[in-house]
Amino acid sequence: MKKYALLIALCAVAAALVIVWGVSDPTPDNGAAPEKIALVLTEDTGTYIMKLKSGAQDAATGRGAELSVFVARDALPQQVISGGYWAVILTADTGIPLDAARTALGGTRLVLIGGEGGDCAVLSDPFSEGRGAVAALAVPAGGTVVLLADGGDWADSDGLADGNGAANSSALPDVNSAGRLSGALDALASMDCNTVTLPANDAAWAQIASLSPAALIAVSDTATTAAIGAKLSGLLDASLPLSGFAGGDAIAEPLETGLADALTAPVPYAMGYQAVSAAFTGKGALIPGRAITLETLFDSENASIAFPLLQ
């Protein structure tokens, strides 16, 4: 009988521990059902959004969560505020003030995609992307490489055009271009390359031609488009190796025609997937884009980025 009594006592202790651990979930408890997550976007169409939503939905399904998608700008929809959501995911381009969102949501976990802030953030990794843009080309050690960036206040000074752009990359118009430029310069420095950074404008093409560079690296979608246009119009040598950045729909044709040798694209599926994961773990993530070449264009992961409508 004593053995049975001891066994019963042990079971009771174990049950009590299970109850304690069960209510000590590290995720935030604001009274809402933990499986409800709101994803707030600026629009509900387009291939990038389609892939981001697909990644978020797959992550939510894998965790037994219910994902609802809302479209908004500048302010949270009332349905999100009053909907009893356990976590809310915002894309930075919604322009919703984070302080206002926190006040409206109370203790709800807030995840931001594409910007700093919230309880945690899922961001691109521009420094790694810049290094990857260099690695995607067979740049000869000691050669001259031109880095092409969007125009801005820096373009009216000598701060970047003298090859010393690493210390001044923060002068570029956006944080992604600045990070990519820093990453590319870091990679090229280890190769003893001579680097010249120029704005993507009409005056740049003649200067690039006079330098006879071994390669051209554009650090933004806009600069990449400008370089491809200069090649098409004959302002740049069409055979000049070019590594740049582009969205999914703009990847295949430049690679297939030889106007670009490598294009780095964002991975929206991974951004959406990691945002939902961050809602549960409270840990953000850096998601670098993928450098795609003609040789790797039809690899399964790259094809899903370059040809999103076929997936």
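Because only heavy atoms are used, hydrogens play no part in the values below, and waters and symmetry mates are left out as well, while side chains stay in. All values reported here derive from a predicted model rather than from experimental measurement.
- The salt bridge (charged side-chain N to carboxylate O under 4.0 Å, His left out) analysis of residues 269-292, with sequence neighbours excluded, yields the pairs Arg290-Glu301.
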* side-chain contact (heavy atoms from CB on, under 4.5 Å) assessment of Ile292 paired with Leu263 -> CA-CA 5 Å; Ile292 301 173; Leu263 292 171; 5.5 Å; no
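- By the salt bridge (Lys or Arg N to Asp or Glu O under 4.0 Å) test, Asp44 pairs with Lys53, sequence neighbours left out.
- Members clustered with Tyr273: Tyr269, by chain and number, using a 4.5 Å side-chain heavy-atom cutoff among hydrophobic residues.
- Asp221 places no side-chain N or O within 3.5 Å of a backbone atom of Thr224 that could act as its donor or acceptor partner.
- For residues 61-84, the pairs satisfying ring pair (Phe, Tyr, Trp, His ring centres under 6.0 Å) are Phe70-Tyr85, with sequence neighbours left out.
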* **Residue pair Leu137, Val145: steps toward the side-chain contact (heavy atoms from CB on, under 4.5 Å) verdict** => CA-CA 11 Å; Leu137 292 180; Val145 177; over 6 Å; no
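- Between the side chain of Asn302 and the backbone N or O of Thr296 there is at least one donor-acceptor pair closer than 3.5 Å.
- Counting only residues at least two apart or on different chains, no salt bridge (charged side-chain N to carboxylate O under 4.0 Å, His left out) pair has a member in residues 263-277.
- Nearest heavy atom pair, residue Asp74 against residue Pro97, reads O-CD, 3.4 Å.
- Side-chain heavy-atom separations under 4.5 angstrom define the hydrophobic clusters, and the remaining members of the one that includes Leu123 are Leu286.
- Applying the side chain to side chain donor-acceptor pair (under 3.5 Å) test to every pair with at least one member in residues 123-141, sequence neighbours left out, gives these pairs: Ser124-Asn176, Asp125-Ser128, Glu129-Arg180, Arg131-Asp186.
- Looking at residues two or more places apart in sequence or on another chain, you find a salt bridge (Lys or Arg N to Asp or Glu O under 4.0 Å) between Asp119 and Arg102.
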Which atom pairs, donor and acceptor, lie under 3.5 Å between side-chain atoms of residues 232-247 and protein residues at least two apart or in another chain?
residue, atom, partner, partner atom, Å
Ser233, OG, Gly229, O, 3.1
Ser233, OG, Ala230, O, 3.2
Asp237, OD1, Ser239, N, 2.9
Asp237, OD1, Ser239, OG, 2.9
Asp237, OD2, Ser239, OG, 3.1
Ser243, OG, Ala133, O, 2.8

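- Scanning for salt bridge (Lys or Arg N to Asp or Glu O under 4.0 Å) contacts around Asp58 gives an empty result, with sequence neighbours left out.
- Remark: Thr91 engages Asp93 in a side-chain hydrogen bond (donor to acceptor under 3.5 Å, both in side chains) (not counting sequence neighbours).
- For Glu256, there are no salt bridge (Lys or Arg N to Asp or Glu O under 4.0 Å) partners at least two apart in sequence or on another chain.
- Without hydrogens or angle criteria, Ser54 side chain to Met50 main chain gives no donor-acceptor distance under 3.5 Å.
- Closest heavy-atom contact between Phe280 and Ala65: CZ-CB, 4.0 Å.
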